[in-house]
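In what follows, every chain begins at residue 1, and chains take the letters A, B, ... in the order their sequences are listed.
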Amino acid sequence: MTTMECREIFAQLSEYLDGELPPDVCEQISGHIEDCPPCVEFVESLKKTVGLCKGMAVEVEAAPRPLPEELKARLMAALRQG
Amino acid sequence: MSQVTEVELAKRLMAGDTSAFEPFVEGMQGRLFRFAFANCGQREDAEEVAQETLLKVFESLKQLREPERIRPWVFRIAKNICYMRRRKSIYAPEEELSLDQLMPGFRDDSDGRKLEIADWSHLPEKEAMSAETREMLRKSILELPDIYRHTLLLRDMEELSTEETAEVLAINTDAVKTRLHRARLALRQKMDHRMRMETAAR
Ligand SMILES: [Zn+2]
C-alpha cells in the first residue's frame, strides 16, 4: 500500500482474490504481497470483508416470516392463469 | 438454493408442474428477503418487497422465455421494487468512489511503513460472525451508495455471477467488476473505521 507497486496491485485486488487474473499477473502479485507486510495486512482485511458478506447469506436471523396463505393462493392462481 | 435447482424449478413451473411451487416459492422468498433486508435495512419493508416481487414474478412468468435467466430476472424485479420504495433519508448519496479515497493511510515507523488500519485478526474467516460484527456489517452496507451496494449484495452475498449481475443492473461486465472492487474497498474502509472507533472508545 505504500509503494508504486502496492498501488498498482491495490487496483486489481478483487480480481486477484476472485482468481480472475491471468496466471502470470497473479504470480507477480502473490510474489509482491509475500514480501510486503502492509499488503499482507490489507489483503487480509479485504478478504475478511468479502468473507463476511458471503457469511450473511447463511445468517439464521435473516429469515422472513412464512408467506401468508392468502398470498400463496394468489401466486398459485397467477401460475395457473399464466 | 443453488442456481441449478432454481433453474430446474423454474423450468418445471413454466411447464405447469405445480409440485415445484412450494420449493421454488420458499427458496426465492428467503433470498429475496435477505437481499431486500440488506438493501433497505427494514425487516417489514423487506418482507413486503419479497412478497411483491414473488407476485410480480408469478404474474409475468410467461414473459421469461429462458428459465436459465430466472435469477437475474427475479433480482431485477426485486431491485426495482426496493428502489421505488426507498426512503431517501436513510440512503447514502449517489457518488462515484475513487480508488484514492479508498486507499488506507500509513505512517513511517522506525521499522518501516505501517498501515493505519484496525486490527482485523479477531474477525472470523469462515465461521459465524458475532452479533456485534453483524450489526456493524449491516450498517456499513447500508451506507454504501446504491450502485455499489447493489453490486456487492448480488455478487458477494447472493453469489450471482458477474454476467448475471450485469444483467440485473443493466451494465456491462467490466463495470460490474469495477463497482464490485470499489464496493468491497468502501465496505472494508467503513468496517475499519467502525472498529477503530470502538477500540478508541474502550
Ligand atoms: Zn505492497
Self-check item: chain A contact via B/Asp100 - which portion, at a heavy-atom distance below 4.5 Å
Solution: side chain
Exercise. Examine whether an atom of B/Ala131 lies under 4.5 Å from a heavy atom of chain A, and if so say whether it belongs to the side chain, the backbone or both; otherwise answer neither.
Key: neither
Practice problem: Can you measure from CG (A/Leu17) to CZ (B/Arg184) and round to the nearest 0.5 angstrom? | Solution: 6.5 Å
Self-check item: Closest non-hydrogen atom pair, A/Pro38 against B/Leu115
Solution: O-CD1, 3.2 Å
Quiz item: Measuring from A/Ser14:OG to B/Leu185:CG, what's the distance to the nearest 0.5 Å?
Solution: 6.0 Å
Quiz item: Taking the side chain as C-beta and beyond, is there a heavy-atom pair between A/Arg80 and B/Thr18 under 4.5 Å?
Solution: yes
Exercise. Check B/Phe33 against A/Ala63 and note the closest heavy-atom contact, atom names and distance.
Key: CE2-C, 3.7 Å
Quiz item: Counting only heavy atoms not in A/Glu27, do more than 12 sit closer than 6.0 Å to its CD atom?
Solution: no
Exercise. Check for a donor-acceptor pair, side chain of A/Lys48 on one end and backbone N or O of B/Leu123 on the other, with a separation under 3.5 Å.
Key: yes
Quiz item: Is any side-chain heavy atom of A/Asp18 less than 4.5 Å from a side-chain heavy atom of B/Lys177?
Solution: no
Exercise. With a 4.5 angstrom heavy-atom cut-off, could you sort out which part of B/Leu152 is near chain A: side chain, backbone, both or neither?
Key: side chain
Self-check item: Portion of A/Glu20 that has a non-hydrogen atom of chain B nearer than 4.5 angstrom
Solution: side chain
Self-check item: Heavy-atom side-chain proximity of A/Arg7 to B/Met103 below 4.5 angstrom
Solution: yes
Quiz item: Would you say the side chain of B/Pro104 lies within less than 4.5 Å of the side chain of A/Phe42, judging by non-hydrogen atoms?
Solution: yes
Practice problem: Using non-hydrogen atoms and a 4.5 Å limit, figure out which bit of B/Thr162 sits close to chain A: side chain, backbone, both or neither. | Solution: side chain
Quiz item: If you count heavy-atom pairs under 4.5 Å with chain B, which of A/Glu44, A/Arg74, A/Met76 comes out on top?
Solution: A/Met76
Quiz item: Contact part of B/Leu137 toward chain A, heavy-atom cut-off under 4.5 Å: side chain, backbone, both or neither?
Solution: side chain
Quiz item: Between B/Leu99 and A/Phe10, what is the shortest heavy-atom contact and its length?
Solution: O-CE2, 3.5 Å
Quiz prompt | Heavy atoms of other groups near B/Arg107 CZ, more than 12 under 6.0 Å | solution = yes
Exercise. Would you mind telling me which of B/Met191, B/Glu158, B/Glu159 has the largest number of heavy-atom pairs within less than 4.5 Å of chain A?
Key: B/Glu159
Self-check item: Straight-line distance of A/Leu71 CG to B/Gln29 CD, nearest 0.5 Å
Solution: 8.5 Å
Self-check item: Among B/Leu153, B/Thr133, B/Leu55, residue most engaged with chain A (heavy-atom pairs, under 4.5 Å)
Solution: B/Leu55
Quiz item: Can you say whether B/Gln51 sits under 4.5 Å from chain A via the side chain, the backbone, both, or neither, judging by heavy atoms?
Solution: both
Quiz item: When you check the gap from the basic side-chain N to the acidic O, do A/Lys72 and B/Glu22 get nearer than 4.0 Å?
Solution: yes
Quiz prompt | Interchain contact, A/Pro66 with chain B, by part (heavy-atom threshold 4.5 Å) | solution = backbone
Exercise. Quick one: pull up CZ in B/Phe37 and CE in A/Met56 and give me the separation to the nearest 0.5 Å.
Key: 9.0 Å
Quiz item: Atom CG of B/Asp119 and atom OG of A/Ser45: how far apart are they, to the nearest 0.5 Å?
Solution: 10.5 Å
Practice problem: Any chance you could measure A/Leu13, atom CG, to B/Arg188, atom CZ, to the nearest 0.5 Å? | Solution: 10.5 Å
Quiz item: When heavy-atom pairs shorter than 4.5 Å are enumerated against chain A, which of B/Met14, B/Arg155, B/Met157 gives the highest number?
Solution: B/Met157
